Structure formats: C-alpha cells, structure tokens
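Report on one structure; see the data block that follows.
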Amino acid sequence: MVKDKKIKPSKELPLGFVDRKEKELLIRDFVISNIKEIMIKYGFQYLETPSFEYTDSIGKFLPDKDRPDEGVFSFKDEKNWLSLRYDLTAPLARYVAKNYLELPKPFKRFQLGSVWRNEKPGPGRYREFLQFDADYVGTKNLQADAELCVLISEILEKCGLDSNDYTVKISSRKFTDKLFEQLKIKSKEQISTILRALDKVDRLGWDEAKKLLGVGRKDKSGDYTKGASLNNDQIKLIESTLKSKTCNSEDVLEILKIFQAYNFTNYKFDPSVIRGLEYYTGPIFEVNLNFEVKNSKGQTIQFGSIGGGGRYDNLVSNFGNFDCPATGISIGLDRLVFALMQKKDFKVKVSRPVVICVFDKSQIKEYIDILNKLRDSNISSEIYPGEGKLKKQMEYANKISSPAVILYGEDEIKSGKATLKNLKTGKESSVKIEDLSNEIKKLL
RNA sequence: GCAGCAGUAGCUCAGUUGGUUAGAGCACUAGUUUGUGGAACUAGGGGUCGGUGGUUCAAAUCCACCCUGCUGUACCA
C-alpha cells in the first residue's frame, strides 16, 4: 500500500483556548456546588440563557458603538449578526427587557456559564471562560449592592479562603463624578483616560499612575502610553483626594452601614476601584486576592481581580421605555479555581475503578456477574476494556491508579473464590464472590 | 496592537568558530516473566530541528519575513 503524505489536521488549540483536566474540573464542581447552595439560600433564581445573542442585543449599547464587533466572536446567519456572549450581564438585560411584564420586581437571578472574548489572552485569562453572575434587577435599594458583597464573600470562604486571602473593595462612580466636577473636567474622553489611569494605581503605584494622568508613561518594555494631560494642580488634587480614603459618597456610606448590620468586615473603601466600565452608574465593587499566584513555570504573575461588579441603572432601560435600575456581581470561576489550586492543597477524591481482569473471553458472563455485583454496591468498577495479556492489564490498572484488580481465571473458578489484589500494597487475598464488595470497600 | 524572551521526539531539554546518518532522560512498544503493575535490564519505534524564502559546496546553527507560546504593556463590556 502506498502511504500518501496526507496533510494532517492540527492538534494545536486555537489561541486562548485550553483543555481542562479532571482535577481542575472537580475543584470547579466543588466551587459550583457551593455557589448554587449559597445562591438558593440567598433567594436567587437559577437562569440559563443561550451562548449566542444577536450582536445588536449585547453590543448596541456598549461604549464602542462604532465597533460593535470588536472583542466578540461573531458570525452572520442569513439575516443577522450573532455573537457569542462576552458576559452574563448583557444577556440578562436582554432577558429582563423581553420578559419585563411577567417578572417579579425586583428580580433576583444567578447564572453560570461560559463566556467568550475575542482578545489577547493573558496569564490565567483565556478567550473562553466560566463566569458566575448574580444580579438584582429592578431595585434602587442599596441593600442589594451590600448583599452582593456579603454573598460573594460567603462563597469565597465556603470554597476554603479565609478573610486574609481576599478583600472586597468598594467605591462609587459618584465619588469620581464629584471629583471631576471639582476639577471642572467635562471631556468624556479625558475622563475615561483618567479613570483608566486611576485603575492602575494598585498595580503601578502612584508615581507611575501620575505619569498617565499627565503627559504619558513609558513602560519597561518600551511601550508608550499617552496620558490625560492634566496639569500639576489637578493631579495633586486627585492624588490627595484618593489617598485620603475618606468617603464622601453617600451611596457607599450607606452600604458600609449595611455591612455593619450584616457583621461583614472584610471590605475596604478604595476610590481607585474603577472597573473601566462605562455603564456603571453607582457603587462598584471588586474582589482581589491577597496572595501570590504563580504560573506553570513558577513565575509570579499579575493576577488581577477575580470578580467584581456594580450598579448599572441604565442598561436594562436601554431596551425600552421603562426605568429599570439594577446591580450585579460576577466571578471568573476558572481564575478562582486556578488560584484555589495554588492556595490550598486540595485533596480531590478521584474514584478510579476496580479492574476485573479478563483471562478468557468466553468467561465474559462470569465477569459481568461480578461487575454487576460491584456496581450494585456502588463500587466504581470495570472489566478491562482493552485486549491483551494479564501483564498489560495490570499495567493499565496501575496507570489509571486503580485501587485493586480482581483475578478470576481457571484456578479461581475451580475454587469458587476470586483473587483480589490490592494495588497499593500488592497483597493478594482469596475472596468469595459474594464477599468481594465488602472486602473492596475495606481497602478503598 | 506594542515590546522582551522562546520554539529541536508525546514531555523536559542538550546540540555555535556552519561540516558524516540530529542526541539524552522520561514516556511509548516488545521481550527477560505464555497468570501479575509500580523496580531493573535488553531491543525497538518515533523528528517537515515552528514555517517560508535567502546566503553557502554545505544550515538545527547565519540573515529576512511570517506563525505560535510565555511575560509585560495597551485595550477590556
């Protein structure tokens, strides 16, 4: 036979996508089950919306009106542009607008699902990731905002973090609005440049951030970023206002009061929390981890926040002629799981099957009888699924970390007892078929 | 997008004054053991040296461009 040189399909993954293996998935399952439990306790409804939406519905009201396609994965069907959702808030706004009359007001829902962003991936950031989102729609009551912070904190602690491991930071758009009024800055473009610069205070420090407020900054790779062109007096005022950490924003003060009532203390008023989102209208929150996160090469990486949110009183009402204030928070679950795996040495219980070795295919009925008995006792088990000699079967069992193998060949069939081999200790024992389940449970 | 570093077997990597047939460890396959894994030994398979073009008698090695990855930075709903 002539071997054609076929062009082989690529085994590489598209940029920014990853395979996720069992350990990560099991920890993720653990996190998700905690979330569901807590959300139901807090009285939220569980919702799922499709991965695709009309680009219009999730893009139209974004700041980048000229480039609704930027940053999202989109395609055109016969008629319309569709996009994979880039978060769970925009689809929620669409859902609420569509079902506005039927829904209770306020409407509390939570959602878990993958979201996609067509942008350059970074450390721990991919183009597909799992997000958790909880929102209060249809209320101006700031207790909602406060409760979101309490709730996210409960989730993190339930997942094994303690209060030193994370901080909920809170600020308000109103705080910076006031500041800009004082500075007499009205240009929208300048304001967003300033906000972006302030957002970086944490990471770069004040000296570098101030360059971004003024002329501009050259980073260590040599790349230059243009600044907001403020004068020195303006920069000084911004710096002193933010550094004073005194909150003159009424909405935040009210939330802090509610925190007290909840006995919630692990928060920090931090006016440098910006979140860059132009649709936020009031209080904003961000959750940061306080421990170092390393990549697979052992390098400490800039991990950033694992969640955040805020009040967006105009997003839903963009869809129609109704007033619909809302507030929400989300967590990047894959990033949380990634961090959790480093913080805690999770002992994930992976159940591996007991392997029943095959000596003679004609005895398949005997093997299946044993298999059914084990499975009826809820023991993970299988008949060796491949083909080959006993040695190969043992190697397989070892490779999958099976706890034990069952040998039931000619000799055993004669005596009516199977050989049970514990793969951890290597010890073998002769066990009656009806006692197998109990004996296996002892060694699991 | 911009910048720095990197890309040689499935994985981790060695391999420069350019020079036979490109190496090692781990992993894999077979055997030593036709009913016994994790150890050892023996043998074996596996490579478009990221891609394309160029320089040269000769390129994994030098040059150009491109692709991909990591890190930082920008943007980030």
Side-chain angles (χ1 to χ4, degrees), chain A residues 5 7-8 10-16 18 53 55 58-65 67-68 70-72 83 85-93 115-125 127 131 133 192-193 195-197 199-200 203-204 208 212 216-226 274-280 294-302 304-305 308-310 312 315 328 330 332 355 357-360 384 388-413 419-428:
Chain A
K5 252 206 172 172
I7 296 167
K8 289 175 191 160
S10 172
K11 59 193 172 188
E12 302 307 321
L13 291 165
L15 174 68
V18 278
E53 298 273 353
T55 303
I58 55 170
K60 199 173 176 181
F61 306 115
L62 295 174
D64 273 332
K65 277 187 187 173
R67 306 175 294 166
E70 182 87 359
V72 297
S83 295
R85 62 187 176 204
Y86 55 80
D87 73 2
L88 299 176
T89 312
L92 171 68
V115 302
W116 296 264
R117 294 186 186 182
N118 187 6
E119 57 192 32
K120 189 208 160 205
R125 300 182 68 180
R127 297 209 291 177
Q131 205 170 54
D133 202 272
S192 63
T193 310
L195 289 177
R196 271 183 261 128
D199 199 25
K200 295 179 179 79
R203 188 154 43 87
L204 305 175
E208 295 301 309
L212 288 170
R217 169 180 182 265
K218 202 177 195 176
D219 66 54
K220 64 181 170 186
S221 69
D223 194 26
Y224 186 78
T225 311
K226 209 176 159 232
I274 301 295
R275 300 221 35 92
L277 314 181
E278 290 203 15
Y279 69 57
Y280 287 134
K294 293 182 174 161
N295 67 8
S296 60
K297 290 179 180 168
Q299 300 164 295
T300 301
I301 51 176
Q302 286 287 350
S305 71
Y312 50 99
L315 193 62
S330 43
V355 176
C357 294
V358 176
F359 288 85
D360 184 348
Y384 174 65
K389 290 185 278 194
L390 187 57
K391 180 185 169 73
K392 206 172 165 189
Q393 304 190 28
M394 296 295 293
E395 280 169 355
Y396 166 80
N398 186 53
K399 180 86 180 175
I400 65 166
S401 307
S402 165
V405 293
I406 290 169
L407 307 178
Y408 196 61
E410 228 180 311
D411 304 346
E412 284 85 358
I413 291 173
T419 301
L420 176 65
K421 177 162 183 168
N422 181 330
L423 286 179
K424 259 186 212 133
T425 62
K427 278 183 188 147
E428 292 184 8

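As the structure is a prediction and not an experimental result, all values here were calculated from the model. We name chains A, B, ... by the order of the sequence lines, and we start the count at 1 in each one.
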- [ ] Would you sort out whether A:Lys399 and A:Glu395 count as a salt bridge (Lys or Arg N to Asp or Glu O under 4.0 Å), showing the intermediate values?
- [x] CA-CA 6 Å; A:Lys399 180 86 180 175; A:Glu395 280 169 355; over 6 Å; no
Task: Any donor-acceptor N/O pair under 3.5 Å between B:rG38 base and A:Asn398 side chain - done: no
Task: Pair of N/O donor and acceptor under 3.5 Å linking B:rG37 base with A:Lys392 side chain - done: no
Out of [options], which nucleotide sits closest to the side chain of [X]?
X        : options                : answer
A:Leu15  : B:rC76, B:rG69, B:rU71 : B:rG69
A:Leu212 : B:rC76, B:rG38, B:rA74 : B:rA74
A:Arg217 : B:rG69, B:rC76, B:rA74 : B:rA74
A:Met394 : B:rA74, B:rG37, B:rA27 : B:rG37

Rounded interatomic separation in angstrom, taking [atom1] from [X] and [atom2] from [N]:
X        : N      : atom1 : atom2 : result
A:Glu119 : B:rU73 : CD    : C1'   : 14 Å
A:Asp199 : B:rA74 : CG    : C1'   : 13 Å
A:Arg117 : B:rC76 : CZ    : P     : 12 Å
A:Lys399 : B:rG38 : NZ    : C1'   : 12 Å
A:Asn118 : B:rG1  : CG    : C1'   : 13 Å
A:Leu423 : B:rA39 : CG    : C1'   : 16 Å
A:Leu204 : B:rA74 : CG    : C1'   : 11 Å

TODO: Assess whether side-chain contact (heavy atoms from CB on, under 4.5 Å) is satisfied between A:Phe359 and A:Ile413, documenting all intermediate values.
DONE: CA-CA 11 Å; A:Phe359 288 85; A:Ile413 291 173; over 6 Å; no
Indicate, with a heavy-atom threshold strictly under 4.0 Å, whether [X] touches base, sugar-phosphate, or nothing.
X        : answer
A:Lys226 : nothing
A:Arg125 : base
A:Glu395 : sugar-phosphate

Task: Residue met sooner reading RNA chain B from 5', once A:Thr225 and A:Tyr396 are mapped to nucleotides - done: A:Tyr396
TODO: Spell out, as yes or no, whether a donor-acceptor pair under 3.5 Å connects the side chain of A:Tyr312 to the backbone of A:Gly328.
DONE: no
Open item on the list: Donor-acceptor check, side chain of A:Ser83 to backbone of A:Arg85, threshold 3.5 angstrom: yes or no?
Closed with: no
- [ ] For A:Thr419 and A:Glu412, test the side chains for any donor-to-acceptor distance below 3.5 angstrom and give the result as yes or no.
- [x] yes
Watson-Crick or G-U counterpart of [N], or none if no pair lies under 3.5 Å:
N      : answer
B:rA24 : B:rU12
B:rA60 : none
B:rU42 : B:rA30
B:rC65 : B:rG51
B:rC2  : B:rG72

Expected rows: protein N/O vs nucleotides 32-35 of chain B N/O, under 3.5 Å:
unit_1 : atom_1 : unit_2   : atom_2 : d
B:rG35 : O6     : A:Glu410 : N      : 3.3
B:rG35 : O6     : A:Asp411 : N      : 2.8
B:rG35 : O6     : A:Asp411 : OD1    : 3.4
B:rG35 : O6     : A:Asp411 : OD2    : 3.2
B:rG35 : O6     : A:Glu412 : OE1    : 3.4
B:rG35 : N1     : A:Glu412 : OE1    : 2.8
B:rG35 : N1     : A:Glu412 : OE2    : 3.2
B:rG35 : N2     : A:Glu412 : OE2    : 2.7

Sticking with atom [atom1], work out how far [N] lies from [M], rounded to a whole angstrom.
N      : M      : atom1 : value
B:rU61 : B:rG18 : C1'   : 6 Å
B:rA59 : B:rA24 : P     : 24 Å
B:rG23 : B:rG45 : P     : 12 Å
B:rG69 : B:rG50 : C1'   : 10 Å
B:rG53 : B:rU12 : C1'   : 32 Å
B:rG46 : B:rA6  : C1'   : 25 Å
B:rG51 : B:rG10 : P     : 13 Å
B:rA30 : B:rA58 : P     : 44 Å

- [ ] Applying side chain to side chain contact (heavy atoms under 4.5 Å, CB included) between A:Gln393 and each of A:Leu407, A:Val405, A:Val358, report the one that passes.
- [x] A:Val358
Can you check whether [X] has a side-chain N or O nearer than 4.0 Å to OP1 or OP2 of [N]?
X        : N      : answer
A:Arg196 : B:rC75 : yes
A:Lys120 : B:rA3  : no
A:Arg203 : B:rU73 : yes

- [ ] Rounded to the nearest 0.5 Å, what's the gap from OG1 on A:Thr225 to CG on A:Leu212? Could you check?
- [x] 6.0 Å
TODO: May I ask you to test the A:Asp199-A:Arg275 pair for a side-chain heavy-atom distance under 4.5 Å?
DONE: no
Task: Check: A:Asn118 and A:Val72 side chains under 4.5 Å, non-hydrogen atoms - done: no
Task: A:Arg203/A:Glu208 salt bridge by N-O under 4.0 Å criterion - done: no
